[in-house]
There are 2 protein chains.
Amino acid sequence: MSGYAPSEAARRSGFSLDTLRYYEKIGLLSGIGRTSGGRRVFTDDDLSWLTLFRCLRDTGMPIAEMCRYAELAREGEHTAGERQALLQRHAERVEEQMHLLQRQYDHLREKIRYYDGT
Amino acid sequence: MSGYAPSEAARRSGFSLDTLRYYEKIGLLSGIGRTSGGRRVFTDDDLSWLTLFRCLRDTGMPIAEMCRYAELAREGEHTAGERQALLQRHAERVEEQMHLLQRQYDHLREKIRYYDGT
DNA sequence: GCTTGACCTGGAGCGCACTCCAGGTTGAAG
DNA sequence: CTTCAACCTGGAGTGCGCTCCAGGTCAAGC
């Protein structure tokens, strides 16, 4: 329980091994454990961070902003408000994005239907 | 009517001047008219292409695929079926994307709500 | 006629988010 | 004990979609 090899972490998070290494290199992930031989060991906690990153990436948050969030989290509990605000602003952008996507999807469907009448 | 300067085409389509030039350079736009002095003149027809490109880009279609579509359209009426199929496949990808976005948006909202209880 | 801002070209540069590579190490299975 | 797939590092390379630049041209308003 709660000790995953890199390949397992990759499989579970949907990020590639290279991406996991990259995320650690840029400081998005930090404090990833190592075996005596130097291999990474991911905990359940690490995986739940990855789940969050997956969510934020899928909704279009830039990596720089995820770094900011992770940094705030490392600073401690007193940044909770700022972290929430950051997510809130992001959620609003996502809503706009969803509306745009829906509008353009409707256009697309209309365009496709147009081909039926030719 | 139906003769627009580049800046006007940019304003109406939401693409930058550079992007319009780029689209012409790679062959996505073709047959854009010119004044005697060499300046581009966009027709209503060009603008409706731009509206389509806006739709496809906003829904995440890669430029290479838009080029393919434009090429088919240039080949004539007999490619209508293939064009429709291309849009149809894209629409299906967009649907998946919308579902993913919705799912992750829900996660995000849950995460935000979690902060309220701390 | 002159100014000035919009426009032209070809080509270089950029930002993002990975992705790949070379060359070496580790550790579980047989 | 050997093997070999999975892992390590630092750094270079990639793909996409623009975006910017230099150096020049065009045309409407004063």
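Below, chain A is the first sequence line, B the second, and so on; all start at residue 1.
- The CD1 atom of B:I32 sits 14 Å away from the P atom of C:dC7 (whole-angstrom rounding).
- Taking only side-chain nitrogens and oxygens, B:R57 comes nearer than 4.0 Å to OP1 or OP2 of D:dG17.
- Residue A:Y105 comes nearest to B:A91 through the heavy atom pair CE1-O, 3.7 Å, listed as atom of the first residue, atom of the second, then distance.
- Place B:G37 and B:A64 on DNA chain D by their nearest nucleotides, and B:A64 ends up nearer the 5' end.
- Side-chain nitrogen and oxygen atoms of A:S16 include none within less than 4.0 Å of the OP1 or OP2 phosphate oxygen of C:dC18.
- Atom CD of B:E24 is separated from atom C1' of C:dG10 by 14 Å (rounded to the nearest Å).
- Ranked by how close their nearest DNA chain C nucleotide is to the 5' end, A:G60 and A:G38 are led by A:G60.
- Remark: the B:R39 side chain and the D:dA27 base include no donor-acceptor N/O pair separated by less than 3.5 Å.
- Checking C:dT9, C:dT19, D:dC7 against every side-chain atom of B:R40, the shortest atom distance belongs to C:dT9.
- The nearest whole Å value for the distance from the OH atom in A:Y22 to the P atom in D:dG11 is 16 Å.
- Counting only heavy atoms from C-beta on, A:I63 has its side chain closest to C:dC18 among C:dC18, C:dC7, D:dC8.
- For the pair B:R54 CZ and D:dC18 C1', the interatomic distance rounds to 12 Å; values are reported in whole Å.
- For the OP1/OP2 pair of D:dC26 and a distance below 4.0 Å, the side-chain nitrogens and oxygens of B:T35 include no atom meeting the criterion.
- Side-chain contact between B:L101 and A:D58 is absent, with no heavy-atom pair separated by less than 4.5 Å.
- Considering only the side chain of A:P62, C:dA17 comes nearest among D:dG11, C:dA17, D:dA27.
- You'll find that the side chain of A:T19 is closest to C:dT19, out of C:dT19, C:dG10, C:dT9.
- Residues B:L50 and B:I63 share a hydrophobic cluster, clusters being chains of Ile/Leu/Val/Met/Phe/Trp/Tyr side chains in contact below 4.5 Å.
- One can place CG of A:L17 at 12 Å from P of D:dT9, the figure rounded to the nearest angstrom.
- Between the CG atom of B:D18 and the P atom of D:dC16 there is a distance of 20 Å, rounded to whole Å.
- Looking at A:E95 and B:R109, their side chains come closer than 4.5 Å, going by heavy atoms from C-beta outward.
- Nucleic acid contact for A:R21: base, since at least one base atom lies under 4.0 Å from a heavy atom of the residue.
- The residue A:Y23 sits close only to the backbone: its heavy atoms come under 4.0 Å of sugar-phosphate atoms, none of a base.
- Comment: A:R89 does not engage A:E65 in a salt bridge, judged by the lack of any side-chain N to carboxylate O separation of less than 4.0 angstrom.
- Per the geometry, NZ belonging to B:K25 stands 6 Å off C1' belonging to C:dG10, to the nearest Å.
- Separating the CG atom of B:L20 from the P atom of C:dA6 is a distance of 16 Å, rounded to the nearest angstrom.
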